[in-house]
Amino acid sequence: MSQTVMASPQVEPFFDKDSGTFTYVVHEGAGGAAAIIDPVLDYDPAGARIATRSAEAVLAFVRAQRLRVEWILETHAHADHLSAAGFLADELQAPVAIGRGIIQVQQRFKELFGLGEEFVADGRQFDRLFADGDRFSIGDLQARVIATPGHTDDSLTYVIGDAAFIGDTVFAPETGTARTDFPGGDAHRLYASIQTILALPANTRIFLCHDYPGDRRAPEPQTSAAHQLEHNVHLKDGVQEADFVRMRQQRDATLAPPRLILQALQVNIRGGRLPEPDANGIRYFRLPLNQLGAQA
């Protein structure tokens, strides 16, 4: 007979300062089931070198706590860091999941990168494609999926007990909200997704995917709906949809592309896998010229 559902999972954050990204291990406690959310693969663009330091720190915690990792969960195909989902899947023999909207993301970026028939844009690179309302379990923890598009087509929020992992929809209060100028982005959809998140029960612990504290403070992974509504520069004072969309579109027009977007998406649409090596045994990224950002 299964144990009583654990309403408040334990959450261990790991912060990657280079990309401002939080990876989370959400778990039942020592010796129990766990999921890893949004893992980071280290990448040095100057030398095009891959490393697994960040992922190995997560692995060390998992092993020290004797956790049984049942899922590796992506909130979306990230544009600011490479995913370590493939590396961790191999190490832990755990399935990798993402939102069903990844198919649209793959189709758009397959065309941009000029990928051939060897890359099939149907989501097969992932073990599970979640749709809005899907439910799954992490041991005795019950989890559900909320589609929260707007930043990207595939953006999801995972609600696990009283914890919600919201991807890039909302950031720390002084940073605001996600950009919507990527292919498939839409400020109206983002506003609706944010309202869905803010309508979660008041005791919901909200975990951010990113924070950019600089040297002002320590990175803060956790927030709440009440705190966001009171302090978030894009949401406070009851901002209405039309005003939010206008602000978001004007702001997005001034933003440069993320530093690693071209490299990151070639890995992240593959489920955290690097491109296959050429005949010489070397792996390559494809960098389409003059396709992103404003003209220099």
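Numbers for residues simply follow the sequence, beginning at 1. All values below were derived from every heavy atom in this structure, side-chain atoms included, with hydrogens, water molecules and symmetry-related copies excluded.
Hydrophobic cluster membership differs between Leu274 and Ile282, with clusters built from Ile, Leu, Val, Met, Phe, Trp and Tyr side chains linked at under 4.5 angstrom. Ile261 and Phe171 end up in different hydrophobic clusters when Ile, Leu, Val, Met, Phe, Trp and Tyr side chains are linked at under 4.5 Å. Both Val58 and Ile98 sit in one connected hydrophobic cluster of ILVMFWY residues. Membership requires side-chain heavy atoms under 4.5 Å apart, directly or through other members. The cluster map of Ile, Leu, Val, Met, Phe, Trp and Tyr, joined by side-chain heavy atoms under 4.5 Å apart, puts Leu190 and Leu208 in the same cluster. Hydrophobic clustering of Ile, Leu, Val, Met, Phe, Trp and Tyr side chains at less than 4.5 Å, counting indirect connections, keeps Ile160 apart from Ile197.
Under a cut-off of 6.0 angstrom, the local environment of CD in Glu111 is sparse, with at most 12 non-hydrogen atoms contributed by other residues, nucleotides or ligands.
When only modelled atom types and interatomic distance are considered, Gln142 and Ser137 share no side-chain donor-acceptor pair under 3.5 Å. In summary, the side chains of Asp80 and Ser19 do not present any donor paired with an acceptor at a separation below 3.5 Å, with no hydrogens or angles considered. In the model, Ser54 has a side-chain atom that pairs as donor or acceptor with a side-chain atom of Asp42 under 3.5 Å. Using a 3.5 Å distance cut-off with no hydrogens or angles, the side chains of Thr152 and Ser155 do pair a donor with an acceptor. A donor-acceptor contact closer than 3.5 angstrom is absent between the side chains of Thr148 and Thr169. Side-chain polar atoms of Arg248 and Thr177 form a donor-acceptor pair below 3.5 angstrom. Thr180 and Asp186 share no donor-acceptor pair across their side chains, judged by distance under 3.5 Å alone. The closest side-chain donor-acceptor pair between Gln106 and Gln125 falls under 3.5 angstrom.
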Original post:
For Phe130 and Phe136, what are the C-alpha separation, side-chain angles and deciding distance, and is it a ring-ring contact (aromatic ring centres under 6.0 Å, His included)?
Top reply: CA-CA 10 Å; Phe130 283 124; Phe136 63 103; 4.7 Å; yes
Original post:
For Val11 and Phe207, what are the C-alpha separation, side-chain angles and deciding distance, and is it a side-chain contact (heavy atoms from CB on, under 4.5 Å)?
Top reply: CA-CA 9 Å; Val11 179; Phe207 290 93; 3.8 Å; yes
Subject >> Ile36 vs Val69, side-chain contact (heavy atoms from CB on, under 4.5 Å): CA-CA, chis, key distance, verdict >> reply: CA-CA 7 Å; Ile36 298 172; Val69 175; 4.2 Å; yes
**OP:** Evaluate the side chain to side chain donor-acceptor pair (under 3.5 Å) criterion for residues Glu241 and His188: first the C-alpha distance (whole Å), next the side-chain angles of each, then the deciding distance (0.1 Å), finally the verdict.
**Re:** CA-CA 7 Å; Glu241 180 174 355; His188 292 281; 2.9 Å; yes
Subject >> Criterion ring-ring contact (aromatic ring centres under 6.0 Å, His included) on Trp71 and Tyr158, from CA distance to verdict >> reply: CA-CA 12 Å; Trp71 291 97; Tyr158 297 103; 9.0 Å; no
**OP:** Given salt bridge (Lys or Arg N to Asp or Glu O under 4.0 Å), test Arg49 with Asp44 step by step and report yes or no.
**Re:** CA-CA 5 Å; Arg49 301 198 70 87; Asp44 173 17; over 6 Å; no
Original post:
When you look at Val239 and His234, which way does the side-chain contact (heavy atoms from CB on, under 4.5 Å) test go after all the steps?
Top reply: CA-CA 8 Å; Val239 63; His234 297 168; over 6 Å; no
Subject >> Pair Phe285-Leu262, side-chain contact (heavy atoms from CB on, under 4.5 Å): steps then yes or no >> reply: CA-CA 8 Å; Phe285 286 135; Leu262 293 173; over 6 Å; no
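Taking the charged nitrogens against the carboxylate oxygens, Arg179 and Asp252 have no contact shorter than 4.0 Å, which rules out a salt bridge. A salt bridge links Arg217 with Asp211; the closest basic N to acidic carboxylate O contact falls under 4.0 Å. Salt-bridge annotation for Arg259 and Asp18: present, with a side-chain N of the basic residue lying under 4.0 Å from a carboxylate O of the acidic one.
Sorted by first and then second residue, the ring-ring contact (aromatic ring centres under 6.0 Å, His included) pairs with a member in residues 248-267 form an empty list; sequence neighbours excluded.
Between Pro183 and Gln104 the shortest side-chain heavy-atom distance does not fall below 4.5 Å. Two residues are said to be in side-chain contact when any heavy atoms from C-beta on lie closer than 4.5 Å; Ile72 and Pro39 meet this criterion. Side-chain contact between Val145 and Asp132 is absent, with no heavy atoms from C-beta onward closer than 4.5 Å. Within the 4.5 Å cutoff, the side chain of Gln228 has heavy atoms near those of the Pro173 side chain. Phe109 is not listed as a side-chain neighbour of Pro288, based on a closest heavy-atom distance of 4.5 Å or more. Side-chain contact between Arg144 and Asp134 is absent, with no heavy-atom pair separated by less than 4.5 Å. Residues Thr204 and Val159 have side chains not in contact (no heavy-atom distance under 4.5 Å, counting atoms from C-beta outward).
Looking at Lys110, its side chain does come within 3.5 Å of a backbone N or O of Phe119 through a donor-acceptor pair. Panel note: side chain Tyr284, backbone Pro275; no donor-acceptor pair is recorded below 3.5 Å. Remark: the backbone N or O of Ala77 is paired with a side-chain donor or acceptor of Asp154 at under 3.5 angstrom. Between the side chain of Asp38 and the backbone N or O of Thr75 there is at least one donor-acceptor pair closer than 3.5 Å. Judged by distance alone, the side chain of Asn268 and the main-chain N or O of His78 form a donor-acceptor pair under 3.5 Å. The backbone N or O of Thr21 sits nowhere less than 3.5 Å from a side-chain atom of Asp16 that would complete a donor-acceptor pair. Gln263 places no side-chain N or O within donor-acceptor distance of the main-chain N or O of Leu82, the cut-off being under 3.5 Å. Of the possible donor and acceptor atoms, none in the side chain of Glu12 sits under 3.5 Å from a partner among the backbone N and O of Tyr24. Distance alone, capped at 3.5 Å, places no donor-acceptor pair between the Arg100 side chain and the Ala131 backbone. Between the side chain of Arg124 and the main chain of Val120, no donor-acceptor pair closer than 3.5 Å is present.
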Ignoring hydrogens and angles, write down the donor-acceptor pairs under 3.5 Å from the side chains of residues 84-94, residues two or more places apart or on other chains.
from	atom 1	to	atom 2	distance (Å)
Asp90	OD1	Arg273	NH1	3.2
Asp90	OD1	Arg273	NH2	3.0
Asp90	OD2	Arg273	NH1	2.7
Glu91	OE1	Arg63	NH2	3.2
Gln93	NE2	Asp90	O	2.8

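Leu260 contributes atom CG, which lies 11.5 Å from atom CD of Gln266 (distance to the nearest 0.5 angstrom). Between Leu235 atom CG and His227 atom NE2 the span is 11.5 Å, to the nearest 0.5 Å. The distance from atom CZ of Arg108 to atom CD1 of Ile269, rounded to the nearest 0.5 Å, is 12.5 Å. If you take CG on Leu200 and CD1 on Ile146, they are separated by 5.0 Å, rounding to the nearest 0.5 Å. Distance check, rounded to the nearest 0.5 Å: CD1 of Ile206 to CG of Asp162 gives 11.0 Å. Taking CD from Glu220 and OG1 from Thr223, the interatomic distance works out to 8.0 Å, rounded to the nearest 0.5 Å.
Between His151 and His76, the two ring planes are perpendicular [angle over 60°; tilted spans 30° to 60°]. Note on ring orientation: taking the six-membered ring where Trp is involved, the planes of His210 and Tyr212 are parallel (angle under 30°, cut-offs 30° and 60°).
Residues Phe15 and Pro213 come closest through the heavy atom pair CZ-CD, 4.2 Å. When every heavy atom of Val25 is checked against every heavy atom of His27, the shortest pair comes out as O-CD2, 3.7 Å.
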